[in-house]
Amino acid sequence: MTSSPIRAVVVCAGILFLAPRAWADTATIYPSKDNTLYENNFGSFSNGIGDHIFSGRNNSGQRRRAVMYFNVAANVPGGSTVSNVTLRLNMSRANDGSGARTMKLQRLLADWGEGESDASANEGSGTSSATNDATWKHRFYNSTNWATLGGDFAATISASTVVDQEAAYTWGSTAQLVADVQDMLTNPGTNYGWILIGDESVFLTAKRFDSKDLDNSHSLWPRLTVTYTPPVPVGACCFANGTCTVLTSANCSSQSGTYQGNGTSCSPNPCPQPTGACCFNNGTCSQLSQTACTNASGAFQGSGTACTPGLCPVVLTPFVDPLPMPGVAQPTSGVPGGVASYRVEIQQFQQQLHTDLPPTTLWGYYGQYPGPTFEAMADTPITVDWVNDLREIGGALRTTHYLPVETCLHGAENLAKTVTHLHGGHIPAAYDGHPDTAFTPGNHLVYEYGNRQLPATLWTHDHSLGMTRLNVMMGLASFYLIRDTFEQSLGLPDGIDEIPLAIQDRTFNPDGSLKYLTVWDEHFFGDTMLVNGKVWPYLNVRQGKYRFRLLNGCNSRVLTLALSNGASFSVIGSDGGLLPAPITVSQLTFGPGERYDVVMDFASYSPGTQITMTNSAPAPHPGTPGVGVVPNVMKFIVTATPGHTDAVPGSLRSFDAIPEGDAVRTREFILKKQADPCTGQAWMINGLGWDDITEYPKAGETEIWSFINQSTFTHPMHVHLVMFQILDRQNFTLSGNTVIPVGPRVAPPAHEAGWKDTVLAAPNQITRVIMKFTDYTGLYPYHCHILEHEDHEMMRQFSMGCTKGDLDQNLKVDGRDISLFASELITGGTPGTAEFCAADMNDSAGIDEGSDLPSFVDCVLNAVCP
Ligand code: C2O
Ligand code: CU
Ligand code: CU
């Protein structure tokens with residue numbers, strides 16, 4: 001017997017942190033409390049901290065019942081499955097003659113206490129209770145009673161054992177005892193322990209057992225032995241992408257994760273984070289985790305991505321540079337706008353295209369990008385000596401291109417060749433900048449431009465065969481404006497209120513260099529928009545009207561321009577000159593090569609108002625709304641200065657529609673992509689190539705050209721030499737190869753119903769244009785103005801002036817010198833071809849260049865002039 005108040009009340013033998021294994025563990029649990037309910041003394045005796053507990057009846061018939069509580073939940077891991085339970089009690093005293101008696105273990109249904117009562121001697125009579133002792137009557141002396149005298153317990157017998165003389169006895173393992181312990185583990189709040197009930201049917205059956213208050217030895221204490229299978233342990237499982245999931249070790253490894261150990265947690269995420277390329281605005285790249293990248297204001301490119309050269313786009317801030325104004329091209333003799341001679345050196349140079357960009361290496365007319373604007377008057381001729389002066393940094397003439405050249409494209413060579421085309425010009429073939437005539441550095445060509453046409457917004461750009469996209473990308477573009485006195489009398493905004501805007505998209509490398517594809521692709525879409533050679537510039541505008549000559553100078557990108565405040569503006573002209581009247585629009589869609597002459601009015605805005613010129617056209621076009629869009633173009637900032645406030649005249653230049661009935665023929669052009677040995681695919685017109693000449697328009701005749709777009713992209717179709725009018729557009733479907741028109745022919749919107757040289761041919765539409773061929777002879781290109789298409793292979797030639805005189809004069813047949821046919825012994829040929837003519841002559845009369853040439857020419861003419 002002892003009275004030590006600080007005796008251990010529980011001994012924990014369970015294992016709290018378990019190795020990952022599936023076999024059973026055992027917990028040995030001693031009571032946290034035990035006591036005896038004595039029936040004598042009006043049921044108010046107990047033996048809280050006495051050394052013994054009792055069950056059975058004494059020699060005067062009074063009952064004793066031992067109660068004991070084991071803290072299962074503290075000793076068996078939650079979630080375990082209990083498989084075996086035994087209770088061992090050591091009997092230390094039995095009345096002589098008490099005999100072999102069954103002792104039953106039953107679950108207590110209410111809580112009870114163990115106070116400081118401590119009976120003397122053999123403890124068989126108990127003693128007066130202390131506070132909170134359990135007694136026959138009380139659960140907690142002297143405040144709470146059992147509902148039933150002698151304790152509240154389950155009817156179910158959890159286990160029973162026959163006890164006799166002093167010895168250790170074991171209860172269990174029974175299914176009920178296992179169920180009891182499982183429940184005590186799961187619901188610790190209803191674990192009140194067990195009551196041990198002896199044989200109460202006769203007197204003198206009491207037995208004494210050792211309690212957990214017996215000093216010295218655990219071995220004599222009540223002992224609950226629980227065998228259980230611990231729950232399968234879990235822990236954090238790290239995956240290669242840095243994510244974390246709590247899993248069992250086995251599941252973790254079966255999913256190729258790395259197990260972090262039992263009991264480890266995913267919060268916070270302990271997993272090593274994968275790294276990837278992280279792009280910064282200046283185009284640099286670091287290998288970082290996503291978090292580190294985001295924290296450093298970078299753009300994460302994805303786990304596992306690497307910092308490959310050119311991966312990171314240069315991100316530039318819009319609207320920080322003022323809009324450059326291209327200067328006026330200065331002649332070497334004469335004056336701009338008059339009869340004049342120009343010498344234009346095409347040079348390589350560097351120019352800064354955005355404040356945050358290093359200078360970019362470019363090619364330009366007069367060494368500027370865009371080149372200075374040619375000012376010309378209608379019917380006032382000028383000459384331009386186009387000089388290819390492209391040089392390496394050191395000063396030597398270039399022997400290679402600056403950009404990578406895809407040389408399998410037709411006509412492409414790794415040379416710095418260039419030839420200049422005046423787009424929209426009505427000019428002799430010899431001065432048209434024929435793609436086959438591109439020439440290398442150190443050479444030059446003098447072109448004569450008669451300006452025998454309506455005043456219009458023209459532009460010059462390179463036209464080298466197979467390399468136009470590269471040369472225009474490098475900067476070879478400028479405006480060429482033709483005016484006349486009538487136009488000047490209209491009172492349109494002029495001087496500082498008339499500004500050409502060349503819009504071109506570009507992408508940059510961090511060093512400022514242009515980023516262009518190294519292999520041919522069917523499109524180039526830049527990620528920035530340049531106007532007059534600056535990325536996203538701003539323009540301070542006066543409170544008044546501006547005349548903007550809009551040029552879509554992009555390689556591939558269709559533009560849909562609008563103003564950010566939703567304001568409308570006037571279209572006063574198209575490719576070929578003024579419209580009959582201004583047309584009000586709120587947006588304008590136009591493709592590469594097209595121009596629109598517009599008037600925007602800032603008179604009504606207060607100073608400081610900022611209006612962005614926006615673009616909403618998907619790339620590729622027509623595409624999906626929002627896809628590929630570069631939304632900003634430039635910004636207008638309204639100043640307090642009054643500007644041009646005169647009204648735009650309600651009528652501009654008279655215009656006569658060409659009657660459809662004037663057309664002597666309609667030519668059909670099927671636009672679609674075809675297989676190609678060079679790049680796998682090429683854009684083609686009627687499936688024919690550059691040297692397949694099948695169109696021979698005659699001077700004085702009117703023709704309708706019908707572009708049948710069987711692709712999914714819009715093609716801006718351009719015809720050299722002539723200005724045309726758009727007749728209409730009509731949808732079609734295909735039945736096999738047969739084009740079946742669907743629905744009406746729809747006339748173009750008013751702003752397109754003027755003089756045009758480039759027309760948007762939309763997918764699944766027949767776009768018809770009508771034009772009158774008036775003069776000039778020779779070969780002229782017609783093509784898609786998406787430069788990537790034009791270079792491969794969506795450009796063909798028509799042959800003007802298929803007359804005997806012209807053929808004699810040029811001595812060309814299908815582009816080959818006619819004398820070749822007369823000097824080669826051609827022994828075959830299809831009737832209707834030049835080869836046939838030559839072969840026929842050879843058979844009948846032999847070759848005599850002098851005398852037989854005229855009949856040969858007649859034969860050939862019939863072949864080539866259908
Ligand atoms: Cu603007 Cu043949 O091109
Ligand atoms: Cu052209
Ligand atoms: Cu095209």
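Whatever order the structure lists them in is the order used to number ligands and atoms, beginning at 1. Sequential numbering from 1 along the given sequence is applied to the chain's residues.
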Q: I'd like to know if Glu594 pairs up with Arg557 as an ion pair, taking the criterion as any Lys NZ or Arg NE/NH1/NH2 lying under 4.0 Å from an Asp or Glu carboxylate oxygen.
A: no

Q: Does a donor on one side chain and an acceptor on the other come within less than 3.5 Å for Glu448 and Thr383?
A: no

Q: Working note: His410 + His792, criterion ring pair (Phe, Tyr, Trp, His ring centres under 6.0 Å); need CA distance, chi angles, decisive distance, verdict.
A: CA-CA 7 Å; His410 177 225; His792 187 55; 9.5 Å; no

Q: Could you point out which residue of Phe773, Tyr696, Phe798 forms a ring pair (Phe, Tyr, Trp, His ring centres under 6.0 Å) with Tyr780?
A: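 For Tyr780, the ring pair (Phe, Tyr, Trp, His ring centres under 6.0 Å) test succeeds with only one of Phe773, Tyr696, Phe798, which is Phe798.
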
Q: Is a salt bridge present between Arg549 and Glu498, judged by a nitrogen-to-oxygen distance below 4.0 Å?
A: yes

Q: Would you say the rings of His715 and His783 are close, in the sense that their centroids are separated by under 6.0 Å?
A: no

Q: Could you tell me whether the side chains of Asn414 and His401 share a donor-acceptor contact shorter than 3.5 Å?
A: no

Q: What protein N/O/S atoms lie closer than 2.8 Å to atom 2 (Cu) of ligand 1?
A: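 Within the sphere that stays under 2.8 Å of atom 2 (Cu) of ligand 1, the protein atoms of type N, O or S are His463 NE2, His720 NE2, His783 NE2.
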
Q: How would you list all residue pairs meeting disulfide bond (SG atoms under 2.5 Å apart) that involve residues 768-799, not counting sequence neighbours?
A: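 Every pair satisfying disulfide bond (SG atoms under 2.5 Å apart) with a residue in residues 768-799: there are none.
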
Q: Run the salt bridge (charged side-chain N to carboxylate O under 4.0 Å, His left out) test against Arg745 and tell me which residues pass, sequence neighbours left out.
A: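 Per chain and number, Arg745 pairs via salt bridge (charged side-chain N to carboxylate O under 4.0 Å, His left out) with no residue.
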
Q: Tell me how many protein N, O or S atoms are closer than 2.8 Å to the Cu ion (ligand 3).
A: 3

Q: If I take the Cu ion (ligand 2) as the centre, what angle separates the NE2 atom of His421 from the NE2 atom of His718? Nearest 10 degrees is fine.
A: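 Taking the Cu ion (ligand 2) as the apex, I get 170° for this pair.
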
Q: Only one of Arg796, Arg667, Arg665 passes salt bridge (charged side-chain N to carboxylate O under 4.0 Å, His left out) with Glu695; say which it is.
A: Arg796

